[in-house]
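Order of appearance sets the numbers: ligands from 1, and atoms from 1 within every ligand.
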Amino acid sequence: MDGNGRWANARGLTRVEGHRAGDAALVDVVAGAIDLGLEWVSLYAFSTENWKRPPAEVRFLMGYSRSVLRARRALFHSWGVRVVWSGEQRRLWPSVVRELRETEVMTANNPGLTLNLCVNYGGRSEIADAARALAREAAIGRIDPEAITEGDLAARLRGGARVEGECTGPRPRPAVPDVDLFLRVSGEQRISNFLLWQSAYAELVFVPELWPDVDRLVLWRAVEEYARRTRRFGGAVDTPHPAE
Ligand code: FPP
(Lines give C-alpha, C1' and ligand atoms only; values in the text may rest on other atoms or scores of the structure.)
Protein backbone atom coordinates (compact mmCIF):
# COMPACT_ATOMS: atom_id res chain seq x y z
CA MET A 1 0.00 0.00 0.00
CA ASP A 2 2.69 2.38 -1.17
CA GLY A 3 2.59 6.09 -1.98
CA ASN A 4 0.50 7.46 0.89
CA GLY A 5 3.20 9.94 1.86
CA ARG A 6 3.71 11.25 -1.68
CA TRP A 7 -0.05 11.50 -2.20
CA ALA A 8 -0.35 13.62 0.96
CA ASN A 9 2.69 15.81 0.31
CA ALA A 10 1.45 16.60 -3.22
CA ARG A 11 -1.64 18.10 -1.55
CA GLY A 12 0.22 19.99 1.17
CA LEU A 13 -0.94 17.43 3.76
CA THR A 14 1.00 15.46 6.35
CA ARG A 15 2.05 11.86 5.68
CA VAL A 16 -0.46 10.59 8.23
CA GLU A 17 -3.27 12.18 6.21
CA GLY A 18 -2.06 10.08 3.30
CA HIS A 19 -2.28 6.90 5.39
CA ARG A 20 -5.82 7.87 6.42
CA ALA A 21 -6.77 8.35 2.77
CA GLY A 22 -5.60 4.79 2.06
CA ASP A 23 -8.48 3.21 3.97
CA ALA A 24 -11.01 3.67 1.12
CA ALA A 25 -8.55 2.11 -1.34
CA LEU A 26 -8.20 -0.93 0.92
CA VAL A 27 -11.97 -1.49 1.05
CA ASP A 28 -12.44 -0.97 -2.70
CA VAL A 29 -9.58 -3.30 -3.64
CA VAL A 30 -10.96 -6.04 -1.38
CA ALA A 31 -14.43 -5.57 -2.94
CA GLY A 32 -12.88 -5.68 -6.44
CA ALA A 33 -10.94 -8.83 -5.60
CA ILE A 34 -14.16 -10.52 -4.46
CA ASP A 35 -15.94 -9.42 -7.67
CA LEU A 36 -13.14 -11.01 -9.67
CA GLY A 37 -13.32 -14.25 -7.72
CA LEU A 38 -9.75 -14.05 -6.44
CA GLU A 39 -8.97 -16.55 -3.71
CA TRP A 40 -6.05 -14.78 -2.02
CA VAL A 41 -4.91 -11.20 -1.66
CA SER A 42 -1.85 -10.32 0.42
CA LEU A 43 -1.51 -6.67 1.42
CA TYR A 44 1.74 -5.20 2.65
CA ALA A 45 0.67 -2.96 5.51
CA PHE A 46 3.86 -2.60 7.60
CA SER A 47 7.30 -4.01 6.87
CA THR A 48 10.03 -5.04 9.31
CA GLU A 49 11.96 -2.08 7.84
CA ASN A 50 9.18 0.45 8.55
CA TRP A 51 10.41 0.71 12.17
CA LYS A 52 13.09 3.04 10.75
CA ARG A 53 10.42 5.73 10.21
CA PRO A 54 10.11 8.68 12.61
CA PRO A 55 8.67 7.51 15.97
CA ALA A 56 5.57 9.70 15.56
CA GLU A 57 4.73 8.07 12.20
CA VAL A 58 5.32 4.57 13.61
CA ARG A 59 3.03 5.42 16.54
CA PHE A 60 0.39 6.67 14.14
CA LEU A 61 0.67 3.54 11.96
CA MET A 62 0.29 1.24 14.97
CA GLY A 63 -2.79 3.08 16.23
CA TYR A 64 -4.20 3.42 12.74
CA SER A 65 -3.77 -0.28 11.91
CA ARG A 66 -5.63 -1.08 15.12
CA SER A 67 -8.53 1.23 14.22
CA VAL A 68 -8.73 0.01 10.61
CA LEU A 69 -9.00 -3.56 11.89
CA ARG A 70 -11.69 -2.60 14.40
CA ALA A 71 -13.62 -0.52 11.89
CA ARG A 72 -13.43 -2.87 8.90
CA ARG A 73 -13.52 -6.42 10.21
CA ALA A 74 -17.33 -6.58 10.52
CA LEU A 75 -17.65 -5.47 6.89
CA PHE A 76 -15.07 -8.00 5.68
CA HIS A 77 -16.76 -10.67 7.80
CA SER A 78 -20.14 -9.85 6.21
CA TRP A 79 -18.48 -10.30 2.77
CA GLY A 80 -17.28 -13.78 3.74
CA VAL A 81 -13.62 -12.72 3.82
CA ARG A 82 -11.21 -14.76 5.91
CA VAL A 83 -8.51 -12.50 7.33
CA VAL A 84 -5.11 -13.93 8.26
CA TRP A 85 -2.01 -12.17 9.54
CA SER A 86 1.56 -12.76 8.37
CA GLY A 87 4.36 -11.15 10.29
CA GLU A 88 6.42 -11.05 13.44
CA GLN A 89 4.99 -10.40 16.85
CA ARG A 90 8.27 -8.88 18.09
CA ARG A 91 7.97 -5.07 18.59
CA LEU A 92 4.36 -4.93 17.36
CA TRP A 93 2.06 -3.16 19.77
CA PRO A 94 0.21 -5.81 21.85
CA SER A 95 -3.07 -4.03 21.07
CA VAL A 96 -2.40 -4.45 17.32
CA VAL A 97 -1.59 -8.14 17.83
CA ARG A 98 -4.84 -8.49 19.78
CA GLU A 99 -6.90 -6.90 17.00
CA LEU A 100 -5.20 -9.05 14.37
CA ARG A 101 -5.91 -12.20 16.37
CA GLU A 102 -9.52 -11.20 17.05
CA THR A 103 -10.03 -10.53 13.36
CA GLU A 104 -8.51 -13.89 12.45
CA VAL A 105 -10.73 -15.72 14.95
CA MET A 106 -13.88 -13.84 13.90
CA THR A 107 -13.39 -14.61 10.21
CA ALA A 108 -11.68 -18.03 10.45
CA ASN A 109 -14.58 -20.04 9.04
CA ASN A 110 -15.45 -17.70 6.18
CA PRO A 111 -15.48 -19.43 2.81
CA GLY A 112 -14.55 -16.49 0.57
CA LEU A 113 -11.46 -14.49 -0.26
CA THR A 114 -8.51 -14.93 2.10
CA LEU A 115 -7.06 -11.53 2.94
CA ASN A 116 -3.51 -11.92 4.17
CA LEU A 117 -2.55 -8.80 6.11
CA CYS A 118 1.22 -8.53 6.22
CA VAL A 119 1.95 -6.48 9.31
CA ASN A 120 5.51 -6.32 10.64
CA TYR A 121 6.38 -8.64 7.78
CA GLY A 122 9.72 -9.09 6.04
CA GLY A 123 10.53 -11.70 3.41
CA ARG A 124 14.15 -12.19 4.45
CA SER A 125 13.34 -12.53 8.12
CA GLU A 126 10.61 -15.05 7.25
CA ILE A 127 13.18 -17.14 5.35
CA ALA A 128 15.75 -16.74 8.15
CA ASP A 129 13.16 -17.94 10.69
CA ALA A 130 12.42 -20.99 8.57
CA ALA A 131 16.16 -21.72 8.24
CA ARG A 132 16.51 -21.42 12.02
CA ALA A 133 13.62 -23.86 12.54
CA LEU A 134 15.28 -26.36 10.18
CA ALA A 135 18.65 -25.93 11.93
CA ARG A 136 17.02 -26.59 15.30
CA GLU A 137 15.40 -29.77 14.03
CA ALA A 138 18.66 -30.91 12.45
CA ALA A 139 20.53 -30.23 15.70
CA ILE A 140 18.29 -32.64 17.63
CA GLY A 141 18.43 -35.23 14.85
CA ARG A 142 14.80 -34.90 13.76
CA ILE A 143 15.80 -34.20 10.16
CA ASP A 144 18.81 -35.06 8.03
CA PRO A 145 20.45 -31.79 6.79
CA GLU A 146 21.43 -33.49 3.53
CA ALA A 147 17.83 -34.45 2.83
CA ILE A 148 16.30 -30.98 3.30
CA THR A 149 14.15 -30.00 0.33
CA GLU A 150 12.64 -26.74 -0.89
CA GLY A 151 9.34 -28.11 0.37
CA ASP A 152 10.75 -28.55 3.90
CA LEU A 153 11.77 -24.90 4.00
CA ALA A 154 8.50 -23.74 2.44
CA ALA A 155 6.52 -25.70 5.02
CA ARG A 156 8.27 -23.78 7.78
CA LEU A 157 7.58 -20.42 6.14
CA ARG A 158 3.88 -20.79 6.04
CA GLY A 159 2.16 -18.53 8.49
CA GLY A 160 5.15 -16.25 8.89
CA ALA A 161 6.98 -16.14 12.18
CA ARG A 162 4.20 -17.48 14.34
CA VAL A 163 5.02 -19.10 17.69
CA GLU A 164 5.03 -22.87 17.26
CA GLY A 165 1.87 -24.61 18.42
CA GLU A 166 -0.08 -21.38 18.63
CA CYS A 167 -3.64 -21.69 17.41
CA THR A 168 -5.43 -18.55 16.35
CA GLY A 169 -8.79 -19.86 15.24
CA PRO A 170 -11.15 -22.78 14.86
CA ARG A 171 -9.63 -23.70 11.48
CA PRO A 172 -5.89 -24.28 11.02
CA ARG A 173 -4.22 -21.29 9.46
CA PRO A 174 -3.98 -21.78 5.70
CA ALA A 175 -0.60 -21.91 3.97
CA VAL A 176 0.32 -18.78 2.01
CA PRO A 177 0.32 -19.92 -1.63
CA ASP A 178 2.87 -18.96 -4.27
CA VAL A 179 2.17 -15.52 -5.69
CA ASP A 180 0.65 -15.35 -9.19
CA LEU A 181 0.37 -11.59 -9.64
CA PHE A 182 2.65 -9.20 -7.74
CA LEU A 183 1.17 -5.72 -8.08
CA ARG A 184 3.35 -2.80 -7.02
CA VAL A 185 1.66 0.57 -6.99
CA SER A 186 3.11 4.09 -6.77
CA GLY A 187 5.53 3.89 -9.70
CA GLU A 188 8.27 2.10 -7.76
CA GLN A 189 9.71 -0.92 -9.51
CA ARG A 190 11.07 -3.11 -6.75
CA ILE A 191 9.94 -5.94 -4.50
CA SER A 192 10.96 -4.38 -1.17
CA ASN A 193 11.32 -7.62 0.79
CA PHE A 194 7.71 -8.72 0.18
CA LEU A 195 6.86 -12.45 -0.07
CA LEU A 196 10.34 -13.17 -1.48
CA TRP A 197 10.13 -16.95 -1.42
CA GLN A 198 6.51 -17.10 -2.55
CA SER A 199 7.13 -14.70 -5.48
CA ALA A 200 9.82 -16.77 -7.20
CA TYR A 201 7.67 -17.06 -10.34
CA ALA A 202 5.24 -14.20 -9.76
CA GLU A 203 4.28 -12.00 -12.68
CA LEU A 204 5.30 -8.45 -11.75
CA VAL A 205 3.00 -5.59 -12.67
CA PHE A 206 3.94 -2.00 -11.85
CA VAL A 207 1.40 0.82 -11.96
CA PRO A 208 1.86 4.56 -11.28
CA GLU A 209 -1.15 5.16 -9.02
CA LEU A 210 -0.35 6.13 -5.43
CA TRP A 211 -2.18 3.91 -2.92
CA PRO A 212 -4.97 6.40 -2.01
CA ASP A 213 -5.79 6.63 -5.76
CA VAL A 214 -5.90 2.86 -6.18
CA ASP A 215 -9.30 1.25 -6.63
CA ARG A 216 -10.79 -1.94 -8.04
CA LEU A 217 -10.24 -0.71 -11.61
CA VAL A 218 -6.50 -0.53 -11.03
CA LEU A 219 -6.62 -4.12 -9.75
CA TRP A 220 -8.74 -5.29 -12.68
CA ARG A 221 -6.40 -3.68 -15.23
CA ALA A 222 -3.46 -5.39 -13.54
CA VAL A 223 -5.27 -8.72 -13.73
CA GLU A 224 -5.92 -8.15 -17.46
CA GLU A 225 -2.20 -7.50 -17.91
CA TYR A 226 -1.49 -10.70 -15.96
CA ALA A 227 -3.87 -12.65 -18.21
CA ARG A 228 -1.88 -11.54 -21.28
CA ARG A 229 1.36 -12.99 -19.90
CA THR A 230 2.67 -16.44 -20.76
CA ARG A 231 3.88 -18.22 -17.66
CA ARG A 232 6.61 -20.76 -18.33
CA PHE A 233 8.04 -21.45 -14.86
CA GLY A 234 11.44 -22.05 -16.45
CA GLY A 235 10.02 -24.29 -19.18
CA ALA A 236 9.90 -23.50 -22.91
CA VAL A 237 6.95 -22.80 -25.19
CA ASP A 238 7.39 -22.49 -28.97
CA THR A 239 5.80 -19.52 -30.69
CA PRO A 240 4.22 -20.60 -34.01
CA HIS A 241 6.07 -19.24 -37.07
CA PRO A 242 3.92 -16.59 -38.86
CA ALA A 243 4.13 -18.54 -42.17
CA GLU A 244 2.62 -21.69 -40.62
C1 FPP B 1 3.30 3.14 2.56
O2 FPP B 1 3.23 4.47 2.07
C3 FPP B 1 2.23 2.83 3.51
C4 FPP B 1 2.42 2.38 4.77
C5 FPP B 1 3.75 2.13 5.36
C6 FPP B 1 1.28 2.12 5.68
C7 FPP B 1 0.07 1.44 5.09
C8 FPP B 1 -0.78 0.94 6.19
C9 FPP B 1 -2.03 1.34 6.45
C10 FPP B 1 -2.73 2.32 5.59
C11 FPP B 1 -2.77 0.78 7.61
C12 FPP B 1 -3.67 -0.36 7.21
C13 FPP B 1 -3.45 -1.42 8.18
C14 FPP B 1 -4.04 -2.62 8.21
C15 FPP B 1 -3.66 -3.58 9.26
C16 FPP B 1 -5.06 -3.03 7.23
P17 FPP B 1 4.52 5.40 2.24
O18 FPP B 1 4.41 6.12 3.54
O19 FPP B 1 5.75 4.59 2.08
O20 FPP B 1 4.35 6.40 1.05
P21 FPP B 1 5.55 7.13 0.26
O22 FPP B 1 6.32 6.04 -0.43
O23 FPP B 1 4.85 8.03 -0.69
O24 FPP B 1 6.37 7.87 1.27
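At the shortest separation from atom 1 (C) of ligand 1 among protein heavy atoms lies Met1 O, 3.1 Å. Looking from atom 18 (O) of ligand 1 to the surrounding protein, the closest heavy atom is Arg15 NH2, 2.6 Å. With hydrogens left out, the protein atom closest to atom 4 (C) of ligand 1 is His19 CE1, 3.7 Å, a heavy atom. Here the protein heavy atom with the shortest distance to atom 13 (C) of ligand 1 is Ser65 OG, 3.6 Å. Given atom 14 (C) of ligand 1, the protein heavy atom at minimum distance is Ala45 CB, 4.1 Å.
A salt bridge does not link Arg98 with Glu102: every distance from a Lys NZ or Arg NE/NH1/NH2 to an Asp or Glu carboxylate oxygen is 4.0 Å or more. Salt bridge Glu225/Arg228: present, at least one basic N to carboxylate O contact under 4.0 Å. Arg11 has no carboxylate O lying under 4.0 Å from a charged side-chain N of Glu17, or vice versa, which leaves the two without a salt bridge.
Remark: distances from the non-hydrogen atoms of Gly3 to ligand 1 include one below 4.0 Å. Residue contacts with ligand 1: Gly22 is excluded, as none of its non-hydrogen atoms falls under 4.0 Å. At least one heavy atom of Arg53 sits less than 4.0 Å from an atom of ligand 1.
Taking distance alone, with nitrogen or oxygen atoms compared against 3.5 Å, Trp7 stays at or beyond that limit from ligand 1. Residue Leu26 has no nitrogen or oxygen atom sitting less than 3.5 Å from a nitrogen or oxygen atom of ligand 1, judged on distance alone.
Counting the atoms of ligand 1 from 1 in the order shown, those under 4.0 Å from a heavy atom of Arg6 are 21 (P), 22 (O), 23 (O). For ligand 1 and Asn50, the ligand atoms under 4.0 Å from any heavy atom of the residue are 5 (C). Numbered from 1 in the order shown, with element, the atoms of ligand 1 that lie under 4.0 Å from a heavy atom of Tyr64 read 10 (C), 11 (C). Atoms of ligand 1 lying under 4.0 Å from any heavy atom of Leu61, numbered from 1 in the order shown and given with element: 6 (C).
Side-chain atoms of Ser67 come within 3.5 Å of backbone atoms of Gly63 as a donor-acceptor pair (strictly under, hydrogens ignored).
Minimum interatomic distance between Asp213 and Val218 (heavy atoms only, all atoms of both residues): O-CG2, 4.4 Å.
Using modelled atom types, one finds a donor on one side chain and an acceptor on the other under 3.5 Å when comparing Asn120 with Trp51. With hydrogens and angles left out, the side-chain atoms of Thr48 and Glu88 include no donor and acceptor closer than 3.5 Å.
Between Tyr64 and Phe60, the ring planes lie parallel to each other; the angle is under 30°, not in the 30° to 60° tilted range.
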